[in-house]
Amino acid sequence: MSAASEKTRVLTGITTTGTPHLGNYVGAIKPAIAASQDPSVQSYYFLADLHALIKCQDPRRVQESRLEIAATWLALGLDTDNAIFYRQSDVPEITELTWMLSCVCAKGLMNRAHAYKAAVAENEAAGNQDPDKGITMGLFGYPVLMAADILMFNANKVPVGRDQIQHIEMARDIAGRFNHLYKGQYFTLPDAVVDERVEVLGGLDGRKMSKSYNNTIPLFVSEKKLQKLVRKIKTNSLEPGEPKDPSSCTLFQIYSAFATVGQTEAMRTEYANGIGWGEAKNRVFELLNEQLREPRERYQALMEDPGHIEQVLIKGAERARAEAAPLMDRLRQAAGLGRFV
């Protein structure tokens, strides 16, 4: 057994429909980049651009988002020598595997998918006679595509939020069914990894930072725009000199996500002493601007050199396909689709 095959395989996909923001960085990008530098882990990071088509039919937005997300991960230090970083659409074996898995996946399993059930419930609440109105086969079947993403590389662990655990369980069911039908251990059964310590940042309005709420602070906006956005963060009406509660404050939460332990404790003392909101926002802006200045410069340079990003992704796709192609040959043979000679 090779050293590479003995490594724990960890796979993460990033849907290419939006611009990366502070919440993405703290919740997903920062811990993933740290894992990419761990020699005991074989990491797979991919731009889930086929998934993006399910909810975004704006070609320009998908294209822009793919470039922005790739540039963001590279600017923040993704180790592409250790990790395999690729575009989902550059690995055609994934879509072929999706079809093979679809042929062993029970429709009833897909009927129970949270996203599909939520879309049906929305139609029923709106009084639509057709409960499937507006629901595409992409939305209905995307857990199978997600299973193919995972099983293609026999990932051991898949870091996800709680809302995605069901999809990992579905991938396990589909893998087990395929293994049983074709009488072999073709797929590893993946495990969902939910890190309860991962912080969910609040946005400008105090709700979870999300592009759905239009309340995000993009990671690499200009210094002037960053300052303007920080000043928009919602606070209460307490005056300077009045003690403030850091535990319920979005400003403090964002500050502590980027600060050292010592900086965080010093700011907590400032809150107890009644720091004014204007000054607190200045502190948050200064900390963010200091930490993001260098990666922002790298990001801008990368965005101006899409050819370099393209070469990184092509190299990643070649590495991914070097693993995917032999597995697909084995799966075709197992299903009766192998060559005659």
Side-chain angles (χ1 to χ4, degrees), residues 10 12 19-38 40-41 72-73 75-79 159-162 193-211 213 215-299:
V10 180
T12 300
T19 300
H21 53 71
L22 298 186
N24 296 144
Y25 174 67
V26 170
I29 301 174
K30 186 178 181 181
I33 286 176
S36 80
Q37 298 161 354
D38 184 344
S40 70
V41 173
T72 295
W73 283 69
L76 289 168
L78 181 68
D79 184 348
V160 291
R162 288 207 159 275
V193 178
V194 179
D195 189 345
E196 301 292 356
R197 299 168 299 173
V198 168
E199 194 162 6
V200 178
L201 284 192
L204 300 178
D205 57 3
R207 293 182 292 177
K208 172 187 173 182
M209 190 177 291
S210 168
K211 60 180 180 291
Y213 298 142
N215 67 351
T216 67
I217 300 178
L219 261 173
F220 296 130
V221 289
S222 67
E223 186 171 322
K224 187 175 181 181
K225 179 69 172 175
L226 176 62
Q227 186 172 38
K228 186 176 180 181
L229 286 169
V230 169
R231 292 195 181 283
K232 284 186 175 181
I233 295 172
K234 186 178 179 181
T235 53
N236 58 34
S237 57
L238 289 173
E239 297 290 335
E242 295 183 83
K244 297 168 179 66
D245 180 10
S247 65
S248 60
C249 177
T250 300
L251 266 178
F252 184 85
Q253 185 202 31
I254 292 174
Y255 184 90
S256 60
F258 287 83
T260 64
V261 173
Q263 288 172 320
T264 300
E265 290 310 306
M267 181 62 100
R268 193 183 299 278
T269 300
E270 296 273 19
Y271 267 62
N273 293 337
I275 188 173
W277 290 128
E279 178 58 24
K281 289 179 177 181
N282 286 341
R283 302 276 186 92
V284 171
F285 162 71
E286 287 164 6
L287 179 68
L288 290 176
N289 195 47
E290 177 189 345
Q291 292 211 8
L292 296 176
R293 183 178 286 112
E294 286 187 15
R296 183 197 296 140
E297 290 173 359
R298 290 194 294 271
Y299 173 82

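Heavy-atom basis, side chains included; hydrogens, waters and symmetry copies ignored.
The side-chain heavy atoms of T216 and M209, taken from C-beta on, include a pair separated by under 4.5 Å. Taking the side chain as every heavy atom from C-beta outward, R231 and F285 never approach each other to under 4.5 Å. Contact annotation: the side chain of T72 approaches that of Y299 to within less than 4.5 Å [non-hydrogen atoms, C-beta and beyond]. Taking the side chain as every heavy atom from C-beta outward, R293 and E297 approach each other to under 4.5 Å. The side-chain heavy atoms of L229 and P218, taken from C-beta on, include a pair separated by under 4.5 Å. The closest side-chain heavy-atom distance from N236 to W277 is below 4.5 Å. Between F252 and D245, the closest side-chain pair of non-hydrogen atoms is not below 4.5 Å. Within the 4.5 Å cutoff, side-chain heavy atoms of L22 are placed close to those of L288.
Side chain of D79 to backbone of I33: no donor-acceptor contact under 3.5 angstrom is found. With R296 contributing its side chain and V221 its backbone, the two residues share a donor-acceptor pair below 3.5 Å. Between the side chain of Q263 and the main chain of F258, no donor-acceptor pair closer than 3.5 Å is present.
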Residue pair V160, V194: steps toward the side chain to side chain contact (heavy atoms under 4.5 Å, CB included) verdict:
CA-CA 6 Å; V160 291; V194 179; 4.3 Å; yes

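Taking every heavy atom of both residues into account, P243 and A272 meet most closely at CB-O, 3.6 Å. Here the closest heavy-atom approach between residue V26 and residue A257 is recorded as CG2-CB, 3.9 Å. Between P295 and A75, the closest heavy-atom pair is O-CB, 3.6 Å. Of all heavy-atom pairs spanning T264 and A259, the tightest one is OG1-CB, 3.6 Å. Annotation for A280 and L251: closest pair CB-CD1, 4.1 Å, computed over non-hydrogen atoms. Across G206 and T250, no two heavy atoms sit closer than the pair CA-OG1, 3.7 Å.
Taken to the nearest 0.5 Å, the CD1 atom of I233 stands 4.0 Å off from the CD1 atom of I254. To the nearest 0.5 Å, atom CE of residue M267 and atom CG of residue L287 are 8.0 Å apart. With rounding to the nearest 0.5 angstrom, the CD atom of E242 is 14.0 Å from the OH atom of Y271. The CG atom of N282 sits 7.0 Å away from atom CD of Q227, with the distance rounded to the nearest 0.5 Å. A distance of 9.5 Å separates CG of L201 from CG of N24, quoted to the nearest 0.5 Å. If you take CD on E223 and CG on N289, they are separated by 4.0 Å, rounding to the nearest 0.5 Å.
Residue pairs meeting the salt bridge (Lys or Arg N to Asp or Glu O under 4.0 Å) criterion with at least one member in residues 268-290, sequence neighbours excluded, are E265-R268, E270-R283, E279-R283.
Taking the ring centroids of F220 and Y25, they lie at or beyond the 6.0 Å cut-off.
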